[in-house]
K.L.:
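Here you go, one structure.
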Amino acid sequence: MLLTPVQQTTANPLRREALHAGIVDPGMDSMRLLSETAMRFPEALSFSSGAPHDGTHDLAKLSYHVDRYIAHLREKGVPEQRITRLHFQYGPVNGFIQEEVARMLAKDEDIDVAPEAIMITHGFQEAALVALRGLFRSPDDVLLSVSPAYVGIRGAARMLDIPVKGITEGPAGLEPEAVAAAVRAVRAEGKRPAALYLVPDFSNPSGTVVPLEARRRLLALAAEEGFTILEDNPYGLFASDEERLPTLKSLDTRGDVVYLGSFAKSAFPGARLGYLVGDREVVGEDGARRTLAQELSKAKAMFTVGSSSLSQAAIGGILVDAGHDLRSATRDLAAVYQERLAATLDALAEHFPPERYAEHGVRWNRPRGGFFLVVEVPFEADLVAMERSARDYAVSWAPMSMFHLEGGGERALRLGFSNLTPAAIREGIARLARFIEDESTSTPEATS
Ligand SMILES: Cc1ncc(COP(=O)(O)O)c(C=O)c1O
């Protein structure tokens, strides 16, 4: 829905500058502007977002999933009155499907944690807010983040006034040496690197994968330097068996990793369901020990009171139906995404053959999975250029500069191919190629 300015005038309008810096910051509005621009040109083929494939959604399945979960509780012998209360009443702050999620994590990711170490959240986004609120105590606590980064983490930190230091990734994602240098730089300013955020598997926006050895070194660095790793992994589930790498959380023996999960891509984003895994023990002054997830429930209680019982039941039903093995249950979906990635790469290669590189100056990375790839172009690819592309060439994309935390990415764009059929992808890349060629020839310094 477009945010249309209101016509009505009030006698005493509030000045926007009087609101929190996170609301005033134009950077916080970039995703909305991007989707609004894409929506204003409905005939444009959209590579702007990372929306999951919606071809398999079926309304009849909504109630089926909920019923499946209720049936599961009955099979377990849970009394009818308790099942009814669970769905209609205020429920436990940390949720009621932790056992299902723990079984899923064991099967899908070799992550072995107790249900008490899991908090069910309102998507990844709430998991990030809760983790940041709990782990950041002083204004001198800094979040280290891979850059370019998913806008959700930068926004969550901004809304909580948490300073972020971006660490520019390489072709193989976040490099441990760069993280060590950032830790030193933060300490040299008298500040504390409290946590490090990354998406090790097929990152958004760049599609990079952190190699196994670097994962081990990042864990060793976290242990040495005493920071928490915030691992965000919505795309790893779709990796082929050959590409699959262990998550940092599955390699973590000390509880240094807080794993921020989402059901947006593995189930459906409308459920707005995710989870936080925090198994590190927290010791109180009275000597009582709780998991970090239990301790952080105080933050969740104040953000959202609890997660929707209907969404938990729907996701619980999906997990039960899948035998808690979402990886196997989503094999067909993973094949759909692989096909779309291949279609995007093939179409790019067809329109920008390497022998003509000097002429077009266009290059792109070749991820092995995920929903995104990055195309470098010889002109400024900002929101204004994106609007031209959507209006005149009927194809939209996302400017990479929106994801860079320390500047950069001005001449690059992100292509999200997850919700386009291969035929639409071929047509979309043909339109994009015309746009890129026209922009390149109309930008004087483009070929320099
Ligand atoms: C890197 C990353 N993390 C998390 C998410 C999902 O977040 P949520 O569960 O809040 O929808 C996305 C979706 O685009 C993403 O790209």
Side-chain angles (χ1 to χ4, degrees), residues 30-32 34-35 38 46-54 95 97 101 104 109 118-132 143 145-157 159 164 166 169 173-174 196-210 229-239 247-249 257-277 300 303-304 307-308 311-312 314-315 318 326 330 333 337 341 367 369-374 397-398 400 402-405 414-419:
S30 52
M31 279 317 275
R32 185 181 64 79
L34 178 66
S35 50
S46 174
F47 290 92
S48 301
S49 90
H53 169 46
D54 50 16
I97 59 163
V101 175
M104 172 203 82
E109 304 292 355
I118 297 172
M119 172 194 289
I120 308 299
T121 59
H122 197 88
F124 158 86
Q125 198 61 29
E126 192 199 9
L129 283 164
V130 166
L132 291 176
L143 173 67
S145 169
V146 64
S147 177
Y150 174 50
V151 289
I153 192 68
R154 170 207 237 170
M159 292 304 165
V164 181
E169 67 176 357
L174 196 58
L196 168 73
Y197 167 84
L198 78 159
V199 183
D201 293 288
F202 311 114
S203 93
N204 177 3
S206 51
T208 53
V209 174
V210 176
I229 293 180
L230 301 178
E231 180 176 24
D232 176 12
N233 182 24
Y235 306 109
L237 191 73
F238 304 116
T247 59
L248 276 85
K249 186 67 203 156
V257 178
V258 170
Y259 190 81
L260 306 173
S262 171
F263 289 106
K265 313 293 155 122
S266 55
F268 61 103
R272 301 307 308 126
L273 219 69
Y275 55 92
L276 173 153
V277 179
K300 173 161 175 77
F303 286 151
T304 55
S307 293
S308 147
S311 291
Q312 292 190 73
I315 300 297
I318 290 176
L326 270 192
T330 54
L333 190 56
Y337 293 133
L341 169 61
F371 284 19
F372 309 101
L373 59 80
V374 178
W397 36 268
M400 272 301 284
M402 279 177 24
F403 306 100
H404 280 259
L405 301 176
R414 184 193 75 175
L415 295 183
F417 44 78
S418 46
N419 201 18

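If you read the sequence from its start, that first residue is 1, and numbering goes on from there. What you see is a predicted model; the values in this text were computed from it and never measured. Remember, it's 1-based here, ligands and their atoms both numbered in the order they're listed.
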K.L.:
Just one of F417, F238, Y235, F372 clears the ring pair (Phe, Tyr, Trp, His ring centres under 6.0 Å) bar with Y337, so which one?
P.N.:
F238

K.L.:
Which atoms form the tightest heavy-atom contact between S203 and S206, and what is the distance?
P.N.:
OG-OG, 3.0 Å

K.L.:
Go through ligand 1 atom by atom and flag the ones less than 4.0 Å from a non-hydrogen atom of K265.
P.N.:
13 (C), 14 (O)

K.L.:
Side chains of S307 and K300: is there a donor and an acceptor less than 3.5 Å apart?
P.N.:
yes

K.L.:
What residue and heavy atom of the protein are closest to atom 1 (C) of ligand 1, and at what distance?
P.N.:
D232 OD2, 3.2 Å

K.L.:
Treating S418 as the side-chain partner and A51 as the backbone partner, does any N or O pair qualify as donor plus acceptor under 3.5 Å?
P.N.:
yes

K.L.:
For ligand 1, does Y150 get within less than 4.0 Å through its side chain, its backbone, both, or neither, judged by non-hydrogen atoms?
P.N.:
side chain

K.L.:
Side chains of T208 and E169 only: does a donor on one sit below 3.5 Å from an acceptor on the other?
P.N.:
yes

K.L.:
Can you tell if the side chain of H122 reaches within under 4.5 Å of the side chain of F303, non-hydrogen atoms only?
P.N.:
no

K.L.:
Please report which non-hydrogen protein atom sits nearest to atom 7 (O) of ligand 1, along with the residue it belongs to and the distance in Å to one decimal place.
P.N.:
F124 CB, 3.3 Å

K.L.:
Could you list the atoms of ligand 1 found under 4.0 angstrom from a heavy atom of P234?
P.N.:
1 (C), 2 (C), 3 (N), 4 (C), 15 (C)

K.L.:
Which of the atoms in ligand 1, numbered in the order shown and given with their element, are less than 4.0 Å from a heavy-atom of N204?
P.N.:
1 (C), 15 (C), 16 (O)

K.L.:
What's the shortest distance from atom 6 (C) of ligand 1 to any protein heavy atom, and which residue and atom give it?
P.N.:
S262 OG, 3.6 Å

K.L.:
Would a 4.5 Å heavy-atom cut-off, applied to side chains only, mark V164 and R154 as touching?
P.N.:
no

K.L.:
What part of Y235, side chain, backbone, both or neither, has a heavy atom within less than 4.0 angstrom of ligand 1?
P.N.:
side chain

K.L.:
Answer yes or no: does an N/O atom from R272 fall short of 3.5 Å to an N/O atom of ligand 1?
P.N.:
yes

